Amino acid sequence: MIQKKIWLMGAYAVGKTSLVARFVRSIFSEKYRTTLGVKIDKKVVVTPQGEMKLMIWDLSGEDDFIGADLEYTRGAAGVFLVADGTQRSSLDRAVALQQRIAERIGPVPFLLLVNKADLTDAWEIQNTDLEVLSQRGWHIIRTSAKTGQGVEAAFLALATSLFPSS
Ligand code: GDP
Ligand code: MG
């Protein structure tokens, strides 16, 4: 079976670890647990082109790669940039991370997840902010690790884009 390594990247507390927990284990917790070091999860996804095993890499909560060694991400087939809809600054962070990846690593397929879609009343990130990025060709999915909204779709979309034939 085809295996691909993917990374979640984004500011602190945007929901990276929660998205993986929702996707891999169908669970959600309000409790914040700092991810220690790098955590690797695996899950097989069934795409229209066939099965793919995703190796999902999730880095420590405090280290969002702006200060860290991006060399880690060499070998990543694809990346989720994760922002928190309720934190405008987390979108700027995602944009900055994408720029650094492009400069340092090269053209890695990525998808922007705007998480905490269950809290849209408290969102600081506006549709217009996201339209600007869509116009640049960014693919954006609104997700909630709490309700599960968009989570399966996001992993399926990234996996599908990584299939050799596509
Ligand atoms: P990380 O630092 O990016 O890995 O963030 P975590 O996954 O640890 O989540 C940080 C906090 O946000 C935790 O308290 C989670 O319960 C909460 N959280 C994560 N995703 C969601 C979501 O979709 N909706 C809501 N309401 N809270 C979330
Ligand atoms: Mg984490």
Side-chain angles (χ1 to χ4, degrees), residues 1-65 68 70 72-87 90-91 93-95 97-98 101 105 108-120 122-123 125 130 133-134 138-166:
M1 192 187 308
I2 296 176
Q3 286 192 22
K4 296 283 180 185
K5 179 172 160 180
I6 63 170
W7 272 98
L8 286 97
M9 295 186 199
Y12 184 63
V14 293
K16 300 178 296 295
T17 301
S18 299
L19 286 163
V20 178
R22 162 64 62 194
F23 179 62
V24 176
R25 291 181 289 283
S26 302
I27 56 167
F28 177 76
S29 165
E30 299 281 353
K31 263 206 299 206
Y32 186 74
R33 277 186 219 83
T34 302
T35 315
L36 292 175
V38 179
K39 195 164 176 303
I40 305 161
D41 274 290
K42 299 175 191 130
K43 183 163 168 169
V44 174
V45 287
V46 183
T47 78
Q49 298 103 310
E51 291 189 336
M52 176 182 286
K53 187 179 206 173
L54 293 177
M55 322 288 283
I56 306 163
W57 290 54
D58 175 23
L59 191 76
S60 158
E62 280 156 67
D63 209 341
D64 69 356
F65 285 102
L70 258 182
Y72 265 127
T73 56
R74 278 195 197 285
V79 171
F80 282 124
L81 295 167
V82 186
D84 171 350
T86 70
Q87 302 288 339
S90 71
L91 185 63
R93 192 54 78 94
V95 170
L97 276 165
Q98 199 280 327
I101 295 163
I105 311 283
V108 181
F110 67 93
L111 227 154
L112 175 66
L113 306 184
V114 191
N115 192 40
K116 308 197 184 180
D118 56 292
L119 302 175
T120 39
W123 270 36
I125 296 176
L130 300 179
L133 295 172
S134 300
W138 284 39
H139 291 282
I140 302 167
I141 299 183
R142 291 164 178 78
T143 58
S144 169
K146 185 169 185 175
T147 67
Q149 179 193 328
V151 176
E152 289 273 339
F155 281 87
L156 185 61
L158 189 61
T160 301
S161 75
L162 299 181
F163 245 88
S165 53
S166 70

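Note that the coordinates shown come from a computational prediction; the quantities given were computed from them, not determined experimentally.
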- Query: Of all heavy-atom pairs between Pro109 and Leu162, which one has the smallest distance, and what is that distance?
  - Reply: CG-CD2, 3.9 Å
- Message: Less than 4.5 Å apart, side chain to side chain, heavy atoms only: is that true for Ile101 and Leu81?
- Response: yes
- Message: What's the separation between atom CG in Leu158 and atom CG in Leu111, rounded to the nearest 0.5 Å?
- Response: 5.5 Å
- Task: Taking all non-hydrogen atoms of both residues into account, name the closest pair between Ile125 and Gln87 and its distance.
- Result: CD1-O, 3.9 Å
- Stepwise side chain to side chain contact (heavy atoms under 4.5 Å, CB included) check, Leu91 with Leu133: CA-CA 10 Å; Leu91 185 63; Leu133 295 172; 3.9 Å; yes
- If you look at every heavy atom in Trp123 and Lys116, which pair is closest and at what distance? NE1-O, 2.8 Å
- Can you tell me how far the CD atom of Gln98 sits from the CE atom of Met9, to the nearest 0.5 Å? 10.5 Å
- Query: Can you name the residues that form a side chain to side chain contact (heavy atoms under 4.5 Å, CB included) with Ala154, not counting sequence neighbours?
  - Reply: Phe80, Leu113, Ile141, Thr143
- Thinking salt bridges, do Asp58 and Lys16 make one under a 4.0 Å N-O criterion? no
- About how many Å separate NZ of Lys146 and CG of Leu19, when rounded to the nearest 0.5 Å? 14.0 Å
- Item | Interatomic distance, Leu54 atom CG to Lys42 atom NZ [nearest 0.5 angstrom] | 12.0 Å
- Query: So, does Asn115 use its side chain to make a donor-acceptor pair with the main chain of Ala145 at under 3.5 Å?
  - Reply: yes
- Distance, nearest 0.5 Å, that separates CD of Gln3 from CE of Met52: 10.5 Å
- Query: Between the main-chain N or O of Asp84 and the side-chain N or O of Ser90, is there a donor-acceptor pair closer than 3.5 Å?
  - Reply: yes
- For residues Pro164 and Ile2, report the shortest heavy-atom separation together with the two atoms involved. CD-CD1, 3.7 Å
- Query: Considering residues at least two apart in sequence or located in another chain, which fulfil the ring-ring contact (aromatic ring centres under 6.0 Å, His included) criterion with Phe23?
  - Reply: Phe155
- Message: Determine whether a donor-acceptor pair (N or O, by modelled atom type, separation under 3.5 Å) exists between the side chain of Trp138 and the backbone of Leu130.
- Response: no
- Query: Does the salt bridge (Lys or Arg N to Asp or Glu O under 4.0 Å) test come out yes or no for Asp41 and Lys43, once each step is laid out?
  - Reply: CA-CA 7 Å; Asp41 274 290; Lys43 183 163 168 169; over 6 Å; no
- Query: Looking at Val151 and Ser144, what are the two nearest heavy atoms and their distance?
  - Reply: CG2-O, 3.5 Å
- Can you find a pair of side-chain heavy atoms, one from Met1 and one from Val44, that are under 4.5 Å apart? yes
